Amino acid sequence: MPDTANPAAMNVPSRRKFRREGEERRRQDLIEATLDSVAERGLQGATLRTIALRAGVTAGLIRHYFSGKEELLQEAYTTLVGRMTEQAKAALVAEGASPRQRLAAFVAANLGAPIIDARVFSLWATFIGRASADPALAHAHREGYLAFRNEVEAVVAEVLAAEQRKPDASQLRHHAIAINAIIDGLWIEGCLAGEMFSPGELAAIGIRAVEAQLNLAPLAQKGESQ
């Protein structure tokens, strides 16, 4: 039982929790400062000093949370890609939606704001440009790609099960790779030349392409509303 006669003893767990949450917040602040610095100055210009200045800390304090710039860059890229995946996954939680509607919402989420964004693309391209020469960034890219592809596989499996189709693992993998490529291509176009497309145009194209990849009849022909 806690020592009720000693108020200080009762407060220790909350102090530890506050410190842990504070450190996690500071770590995240450094990651966000890194993304901002890379966006403004590129990978070379985003030095520990410039990152520290943006985060409002000393450069020495960064080493309390990260071994150095390379680890900080890896974590920043992981955060960038993971955030995009989580933003797309949020579209899957629509209450009462059918598997087809969830798939359409997922594709549309990937092809609209905030995922289609010039700054996000610039950051992604900057990191990717270095991945071939940086094993840590290459690993982060691979993990992010596989995490996204796994999400695609899961929603595709639901859709095909609802269609009374039972694809094997290799077929699901094939579909996920193709759908990821469809989304990536349209995402790049939207980020680089978004003003060329009408609102929702890329999402509509993406949904139709994904339906064709899965050999699905258009929703309108099935008496469903999207």
Side-chain angles (χ1 to χ4, degrees), residues 11-90 109-111 113-154 173 176-177 180-181 183-185 187-192 194:
N11 289 334
V12 168
S14 62
R15 282 205 304 270
R16 287 177 178 170
K17 181 179 180 181
F18 176 80
R19 180 180 179 187
R20 181 172 64 252
E21 290 177 347
E23 290 193 346
E24 290 171 356
R25 176 60 183 271
R26 178 58 60 80
R27 192 174 191 277
Q28 189 58 42
D29 286 346
L30 288 170
I31 290 173
E32 297 298 336
T34 301
L35 290 171
D36 287 340
S37 296
V38 171
E40 290 182 2
R41 300 169 176 265
L43 291 174
Q44 295 300 319
T47 64
L48 289 181
R49 182 175 181 276
T50 60
I51 293 169
L53 285 172
R54 179 171 286 277
V57 301
T58 63
L61 185 62
I62 292 179
R63 295 191 180 278
H64 175 71
Y65 299 94
F66 301 95
S67 60
K69 180 179 174 179
E70 295 307 313
E71 183 186 2
L72 189 49
L73 290 177
Q74 180 184 0
E75 289 296 324
Y77 179 68
T78 298
T79 296
L80 175 71
V81 174
R83 183 176 295 159
M84 294 165 65
T85 299
E86 290 302 314
Q87 288 167 340
K89 284 172 59 178
N110 278 285
L111 298 175
I115 297 177
I116 282 189
D117 179 85
R119 177 181 180 275
V120 170
F121 175 78
S122 178
L123 279 167
W124 175 82
T126 299
F127 282 113
I128 286 297
R130 180 167 171 170
S132 61
D134 187 325
L137 280 180
H139 175 76
H141 173 67
R142 175 185 173 84
E143 293 301 306
Y145 166 75
L146 290 176
F148 183 80
R149 209 177 75 188
N150 287 341
E151 293 297 331
V152 175
E153 279 195 32
R173 178 178 181 274
I177 291 171
N180 180 76
I183 291 173
D184 269 2
W187 175 73
I188 290 172
E189 289 195 41
C191 289
L192 291 178

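Just so we're clear, the structure is a prediction, and the values are computed from it rather than from any experiment.
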To the nearest 0.5 Å, tell me how far [X] [atom1] sits from [Y] [atom2].
X      : Y      : atom1 : atom2 : value
Phe121 : Ile188 : CZ    : CD1   : 5.5 Å
Asp134 : His139 : CG    : NE2   : 12.0 Å
Thr79  : Met84  : OG1   : CE    : 13.0 Å
Thr85  : Asn110 : OG1   : CG    : 8.0 Å
Tyr65  : Ile31  : OH    : CD1   : 11.5 Å
Glu189 : Leu111 : CD    : CG    : 10.0 Å

*asked:* Among residues at least two apart in sequence or on other chains, which ones pass side chain to side chain contact (heavy atoms under 4.5 Å, CB included) with Ala109?
replied: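 So Ala109 forms a side chain to side chain contact (heavy atoms under 4.5 Å, CB included) with Ala91.
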
*Does the side-chain contact (heavy atoms from CB on, under 4.5 Å) test come out yes or no for Arg26 and Val57, once each step is laid out?*
CA-CA 9 Å; Arg26 178 58 60 80; Val57 301; 3.5 Å; yes

Can you sort out the partners of [X] under salt bridge (charged side-chain N to carboxylate O under 4.0 Å, His left out), two or more places apart, ordered by chain and number?
X      : result
Asp184 : none
Arg54  : Asp36, Glu40
Arg142 : none

*List for me each residue that meets side chain to side chain donor-acceptor pair (under 3.5 Å) alongside Arg63, sequence neighbours excluded, and say none if there are none.*
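Once residues adjacent in sequence are excluded, Arg63 has no partner under the side chain to side chain donor-acceptor pair (under 3.5 Å) criterion.
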
*asked:* Between Thr34 and Glu75, is the side-chain contact (heavy atoms from CB on, under 4.5 Å) condition met? List the steps.
replied: CA-CA 9 Å; Thr34 301; Glu75 289 296 324; over 6 Å; no

*If every non-hydrogen atom of Gln44 is compared with every non-hydrogen atom of Lys69, which pair is closest and at what distance?*
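Of all heavy-atom pairs spanning Gln44 and Lys69, the closest is O-NZ, 3.8 Å.
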
*Which pair of non-hydrogen atoms, one from Gly45 and one from Thr50, has the smallest distance, and what is that distance?*
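Gly45 and Thr50 have their closest heavy atoms at O-OG1, 3.5 Å.
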
Sub-3.5 Å donor-acceptor pair from the side chain of [X] to the main-chain atoms of [Y], do we have one?
X      : Y      : result
Ser37  : Ala33  : yes
Lys89  : Phe148 : no
Thr126 : Ser122 : yes
Asn150 : Leu146 : yes
Trp187 : Ile115 : yes

Side chains of [X] and [Y]: does their closest heavy-atom pair fall under 4.5 Å?
X      : Y      : answer
His141 : Val81  : no
Leu72  : Leu48  : yes
Glu153 : Asn180 : no

*Taking atom CZ of Arg130 as the centre, does the number of heavy atoms from other residues, nucleotides or ligands within less than 6.0 Å exceed 12?*
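Result for CZ/Arg130: enclosed.
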
*Does Arg41 CZ have over 12 foreign heavy atoms under 6.0 Å away?*
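Not buried by this count: 12 neighbours or fewer within 6.0 Å.
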
_Using side-chain contact (heavy atoms from CB on, under 4.5 Å), reason through Gln28 and Glu24 one step at a time and then give a plain yes or no._
CA-CA 6 Å; Gln28 189 58 42; Glu24 290 171 356; over 6 Å; no

*Kindly state each residue pair satisfying ring pair (Phe, Tyr, Trp, His ring centres under 6.0 Å) with at least one member in residues 67-90, sequence neighbours excluded.*
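The answer is Tyr77-Phe127.
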
*Does a side-chain N-to-carboxylate-O contact under 4.0 Å join Glu143 and Arg149?*
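The answer is no: the pair does not qualify as a salt bridge.
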
_Salt bridge or not between Arg27 and Glu32? Use side-chain N to carboxylate O under 4.0 Å._
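No, Arg27 and Glu32 are not salt-bridged.
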
